[in-house]
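One structure is given here, and the rest of the page talks about it.
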Amino acid sequence: MKYSVLLKGGRLIDPANGRHGGFDVGIDGDGVVEVAPELDPGAAARVLDVGDSWIVPGVIDLHVHTSRRHGGYNAHRMMARAGVCTALDMGGPWDEFIGYAAEEGAGLNLAALQQARPGQTVRDEDPSAQELQELLERSLEDGAIGLKLLGGHYPMTPESTRRAIEVANAARAYVAFHGGSTRTGSNIEGFVASVELARDLKLHIPHVNSYCRGQIKERALDEITEALDLLEENRNIISEAYLATINGTSGRCTDGIPESKATQQCLTLAGYPATEDGLEAAIRDGWARINAPIGGENVNITGEEAVKSWRDRGTVTSVNFPVNPPESRLLAATARDSGGNFIVDAIASDGGAHPRNVNVTSGMALVRTEALTPEEFVLKTSLNPARMLGCPTKGHLGEGSDADVTGIDPESGIPTFSLVGGKLVLWRGALVGSGSTILTTESGRASLESSGFQTRVIDVSAGMLYTGRPSDPFSLPA
Ligand SMILES: [Zn+2]
C-alpha cells in the first residue's frame, strides 16, 4: 500500500506550501508522502473521510503545564481533546513531567524545560553561574531542551536571572523567563526589566498578555501597548501569549501565606489580603477558582466545594483567577509591527493541566471575526512554534513533513480529529492515542531511550530563538 492513512476531503490550509483548498493528504508511517486534489483511496490501508473539516498542520502549543502541582495527570487528555499535537512543558519539574508523559500519554509529542527554582533545583535566589551551568547540563542530559526561569512565581535576583540566560545562550539551549525577580513583580515593570535583563541575549518571554492586567498603569491597554512596543524594538526576544481570561497559579500555602507571588498579586488585585485566609475567602467568593479533577479532566470550581477540595489536598492545588483583560489578550494575538509582521510570534495556551487549552477554539474565533486569516492562524499555532522549537518537519504538511495534523470544524472552531506521527489521537471527539514521543536535544536522547521513550531529536540552536525570524513568515521552516 502506498499510504498507511489517506485523509480524504476537507479543506487543507498549509501556507508554507502555498496550499489552501480541497486536497487529499497521503500519509505513510509517520510522514506525509503525497498531497494532491485527488488521491487514490485504493492505494490506502485506511481512508479517513474528514468531511468538511479544515486540515491544518498539527497544533503546537509552546506553553503548557503537566506537572503534579498543576494536576498534570489529566493534562495529556485535555491537550489531545483540544487538538494539540505537540506541546512544550514550560517548567517541569522534569521528573513529574516525564513521569506523566510515560503513564498518562495520549499520543502527543512533548518537550520540556526544567525549572530553575530557588530551594528546589537551585540552592537559593542567587545561584552562581557554576550552579546554573550544572543545572542546565543535568537537565539536558535528562532530556529537557533548556531552562525555565520562574521569576514571576519564584524569583531569583536580577543578576542571577541574567547569568541563567547567559549560561543557556552559551550552550544554545532553550531558555524562557516568566518576568519577575527579587526586585520586580509579574507585571509590566517586571516585563520591562526582563527585556532589559535579556539585552544582547536570546530569550523566550512567555505569556506576554499576563504582564498587562492594569496592575501598575491605570489601563491594561497602556501596559500591553508598552509591552508590544518593547518587543518590536527588541527582536532578540521571541514570545507567545494566550487567549484565555483565567491565569494559572499555585494555591499552596506555607505558614499562612500563598507560596506564589503571582497568587499574592491576584488576591491584592481584587482587594483580598495576600494570605491563606484571603485566598480562602477568594475561593469562597468565586474570585479564585480551584482546579479540580473531575471526569478525567481538570475543571474550575468555586464556593464551599472548592474550599473543601483545596483543603483536602493540603492547599496543593492549582488556582485560576479571571485576571486577563481582553485588550491585552486580543492585542497580543493580533498586533503587527510597522513591517506588517506579528509582534508576538505565537498563540500558546499556558494550559495543559489548566483548563484553558483554547488555542484552536479561541484562535478560530479570531478567524471568524477576521482578526486573523486562516493562514495567520496556522502561522501562530503551528508554523512559528515549529520554528521556535527548531523542528523544520513540523508546522506544515508538505511531502516529507511529519504527519501531525489537526482537523477543525470551521463553524464551531472545535477540533474534530488529530493525528500525531501518522497515528490517530483524536477522532470525532474520542481520544484514541496513547504513549508520548519526547522531543529532545542530542544530549538527552540516550537517557530517554534507555528509559524506553520514543524520541525525536530537535535542534534548538537552528530554531528561531537563535537564528531569528525569516524574512517571509510563510516560508517553509528551515
Ligand atoms: Zn505557565
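Whatever order the structure lists ligands and atoms in, that order sets their numbers, starting from 1. Remember, it's a predicted structure, so these values are computed and weren't measured experimentally.
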If the condition is ring pair (Phe, Tyr, Trp, His ring centres under 6.0 Å), which residues does Tyr242 pass it with, not counting sequence neighbours? none
Out of the N/O/S atoms in His63, what is the name of the one closest to the Zn ion (ligand 1)? NE2
Out of the N/O/S atoms in Asp350, what is the name of the one closest to the Zn ion (ligand 1)? OD1
Is a side-chain donor or acceptor of Asp89 paired with a backbone partner of Gly91 at a separation under 3.5 angstrom? yes
Is the side chain of Asp345 donor-acceptor paired with the backbone N or O of Ser239 at a distance under 3.5 Å, no angle test? yes
What do you reckon, is CD of Glu134 surrounded by more than 12 foreign heavy atoms closer than 6.0 Å? yes
Measure from the Zn ion (ligand 1) to each N, O or S atom of His65 and report whether any distance is below 2.8 Å. yes
